[in-house]
Protein chains: 2
Amino acid sequence: MARVPTTPPTLADVAERAGVSRQTVSNAVNNPDLLRADTLARVLHAIDELGYSPNRAARNLRTRASHLIGMRIGPVYEGTANATMDRFVHSLVEASREAGYHVLLFAGDPEDPLAGYDDLLRSTTVDAFVVTDTYLGNPQATWLEERRAPFVAFGRPWDHPGAEHPWVDVDGAAGTDLATSYLLDRGHQRIAWIGWRKDSRIGEDRRSGWSRALHARGLPTTGLASRVEDTVSSGREASAVLLDEARPTAFVCASDTLAMGVLGTLADRGLTAGRDVSVIGFDDSQVAQVVSPGLTSVRQPLEDVAVEIVKALEGLLAHPPAIGPGVMLVPSLALRGTS
Amino acid sequence: MARVPTTPPTLADVAERAGVSRQTVSNAVNNPDLLRADTLARVLHAIDELGYSPNRAARNLRTRASHLIGMRIGPVYEGTANATMDRFVHSLVEASREAGYHVLLFAGDPEDPLAGYDDLLRSTTVDAFVVTDTYLGNPQATWLEERRAPFVAFGRPWDHPGAEHPWVDVDGAAGTDLATSYLLDRGHQRIAWIGWRKDSRIGEDRRSGWSRALHARGLPTTGLASRVEDTVSSGREASAVLLDEARPTAFVCASDTLAMGVLGTLADRGLTAGRDVSVIGFDDSQVAQVVSPGLTSVRQPLEDVAVEIVKALEGLLAHPPAIGPGVMLVPSLALRGTS
DNA sequence: GGGATCGCCTTGATCGTTCCAAGGTCAGCA
DNA sequence: TGCTGACCTTGGAACGATCAAGGCGATCCC
């Protein structure tokens, strides 16, 4: 292996070595079809010998593209089972790589969700954004759309049905329907719901899957639902009340965090999860995977989400831009001990 | 707010508007001290009016620096409680931001841990790397050192005590010592250890904290330790054997994953964690936080680690480079129900 | 046989910034 | 008045790549 030079080789170095012009080397890298086979081989050989790799800054400057995708990471919420970020980020990095992009992370000032976007955009540091937390009714999507900033959202434009930007989302209702139907198939009749407060669009979406599955079999939902904060203790308290007042034989929850609360209540009362009462969570977090006896949970196809997002980004950044409609994916059920 | 132009404003645009030359605008941004106060104000006003932000590609090209820090993210291991990545990545992004850097993620081909590094380096896409998984005895650190690539490791150079590169690590032995001493203070005499296989340097380090705490009080460790794979079922099995053969009143584990196995065994036997038998895990994962009744766990100061890493990077990228010694940080104990 | 066409490669200009060295302005001083 | 020096400002060049246009044989076709 050649020694590390003080300064990396440039296009001109390769050109000289291969006895061709700069442009020909550039073409060898970007448009190999334009070269005669023997010339191409000679250039590639020189590239290999010198260990040449195109200078990104120079390329970015000339092409006005960075091949970088920006993603804002919000604060890490402790005390919840929310573990989808790890998996999603990893999937996104992987999918981006295959499309020739890298992922640039930036921190969000919790006070100002727009901070950071503007600078990265104007300084042409990134080509586009992936926006993940559209559910808070936060202004990012609208703001970016106004700026004509290229971005793809992970999450439907709940509050703006006429939004023009591409998005990818997972059908939460389909997930809870799947979970509820699974329990119904196993003979459960009284299946309770513990979800989020009514102003959460995602929460209401997931809730609708539960209720539609029950209604589809002619079963009532009255008195079987509770809407609380997304904390373990809320899940614990809500399930205690529901057990006393409605005597459900199973719980479907809007999150693994809430489901962990249910498991706590069951343990308090000497009930065995999966035998006496079934429990199904949402997100298939690491918590669900390691808790005893294993928490059955709705699993989002984050790998597929990432692939679809990158596809949408490629369309967006193509010439001319192709803005497709939204993409909706369906979750699956990770079966474990609690059901 | 001004309309979004088709092409962002450049230094020349600002210069024209402020009635000065390009260089003066550049100085206003990079060396404000060189300008007279009124000129500076005029230029800054023009910058603000036009919404100017320096083109990163052009700046990177000229200065031969990208202000990007590369970090390889490995595969996501399912079925373990390993949740430190989220927290660490977030902390690193935050600390980098304050130092004027962004974090670029790249995927690792599991087959070839070196893939990706080389390209990013030669193409001057990143200025430096943060290497996180030094524990596998993997060749990254050595390889990067040979290439004279600037990088900081999260983790001691276990296998290469004479390594020249800067590193930051958390004193695992201090953490398990802390946990064990806490239990000793509460009256426990027979405290078992469940850790990783002997070829894990980190595992042996953490184990040494447990044994030294016991030895410091003149207590034996014989028969109280088990070394297994880092899975829930291994922890479950190991704790069952230990309970039968050594009758410990408490467990200290090398990971939350193993601790969750212990909790499973306790539940099987009708024992209450925290009352009948105490359990302390390692990493303060989300699992520890949401499981009932809360898993006491050793918590790594990842925020501090990130800050130290960025400090080391700044030294490394300064002119002239300042390579300091390693930095060792001490973990704390997150107290919860199981102890 | 001559002009148009095609395939393949070369040349000059350019992206937006910072570095460099020289130029301008003005007060202070003899 | 003319010189000096401090201080700010200026134009030109360079970073390393791609774009746009042009050169130059060989081939094709009438």
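It should be emphasised that the depicted structure is a prediction, and the values quoted were computed from it without experimental measurement. We name chains A, B, ... by the order of the sequence lines, and we start the count at 1 in each one.
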Taking A/A65's backbone N and O only, do any of them form a donor-acceptor pair with A/D127's side chain (distance below 3.5 Å, no angle check)?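 Checking the backbone N and O of A/A65 against the side chain of A/D127, no donor-acceptor pair under 3.5 Å is found.
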Any donor-acceptor pair under 3.5 Å linking the side chain of A/N31 with the backbone of A/L34?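 Not confirmed, A/N31 side chain does not pair with A/L34 backbone.
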With [X] via side-chain hydrogen bond (donor to acceptor under 3.5 Å, both in side chains) - residues at least two apart:
{"X": "B/D38", "result": "B/R36"}
{"X": "B/R17", "result": "B/E49"}
{"X": "A/E16", "result": "none"}
{"X": "B/D119", "result": "B/R122"}

How bent is the helix from C/dG1-D/dC30 to C/dA30-D/dT1, comparing axes over its five end pairs at each side, to the nearest 10°?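 About 60° separates the two local helix axes.
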With A/Y52 via ring pair (Phe, Tyr, Trp, His ring centres under 6.0 Å) - residues at least two apart: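 None.
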How would you list, by chain and number, every residue that makes a ring pair (Phe, Tyr, Trp, His ring centres under 6.0 Å) with A/Y117, sequence neighbours excluded?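 Here the qualifying residues are A/F106, A/F129.
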Given D/dT10, is OP1 or OP2 found less than 4.0 Å from the side-chain N or O atoms of B/T24?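 Yes, within the criterion.
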Side chains of A/V130 and A/F88, heavy atoms from C-beta outward: is any pair under 4.5 Å?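 A side-chain contact exists here, since the closest heavy-atom pair is under 4.5 Å.
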Quick one, B/T142 with B/H160, criterion side-chain contact (heavy atoms from CB on, under 4.5 Å). Give me CA distance, side-chain angles, the key distance, then yes/no. CA-CA 8 Å; B/T142 312; B/H160 304 277; 3.5 Å; yes
If you check the A/P54 side chain, which of C/dT17, D/dA17, C/dC8 turns out closest?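 Given the options C/dT17, D/dA17, C/dC8, the side chain of A/P54 is closest to D/dA17.
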The side chain of B/S21 lies closest to which of these nucleotides: C/dG16, D/dT10, C/dT18?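 Nearest to the side chain of B/S21 among the choices is D/dT10.
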Derivation and outcome, side-chain contact (heavy atoms from CB on, under 4.5 Å), residues B/L92 and B/V310: CA-CA 8 Å; B/L92 184 67; B/V310 171; 4.1 Å; yes
Quick check on contacts: within residues 25-35 of chain B, what sits under 4.0 Å from DNA chain C by heavy-atom distance?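 Correct list: B/S26, B/N30.
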First of A/R22 and A/T39 reached from the 5' end of DNA chain C, by closest nucleotide: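 The answer here is A/T39.
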Mind calculating the distance between [atom1] ([X]) and [atom2] ([N]) to the nearest angstrom?
{"X": "B/L11", "N": "D/dA13", "atom1": "CG", "atom2": "P", "answer": "18 Å"}
{"X": "B/N55", "N": "D/dG16", "atom1": "CG", "atom2": "C1'", "answer": "14 Å"}
{"X": "B/D13", "N": "C/dG16", "atom1": "CG", "atom2": "C1'", "answer": "10 Å"}

By the salt bridge (charged side-chain N to carboxylate O under 4.0 Å, His left out) test, which pairs, at least two apart or in different chains, include something from residues 314-323 of chain A?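 Found none.
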Not counting sequence neighbours, list each pair that qualifies as a ring pair (Phe, Tyr, Trp, His ring centres under 6.0 Å) and has a residue in residues 24-45 of chain B.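 Every candidate ring pair (Phe, Tyr, Trp, His ring centres under 6.0 Å) pair involving residues 24-45 of chain B fails, so no pair, neighbours aside, qualifies.
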On DNA chain D, does the nearest nucleotide to B/G19 precede the nearest nucleotide to B/A58 from the 5' side, or the other way round? Give the residue.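 Whichever sits nearer the 5' end wins; that is B/G19.
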Distances under 3.5 Å between protein N/O atoms and the N/O atoms of nucleotides 21-25 of chain D, please, pair by pair.
none

Using a strict heavy-atom distance below 4.0 Å, which residues from residues 59-67 of chain A are in contact with DNA chain D?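 Those residues are A/R59, A/L61, A/R62, A/T63.
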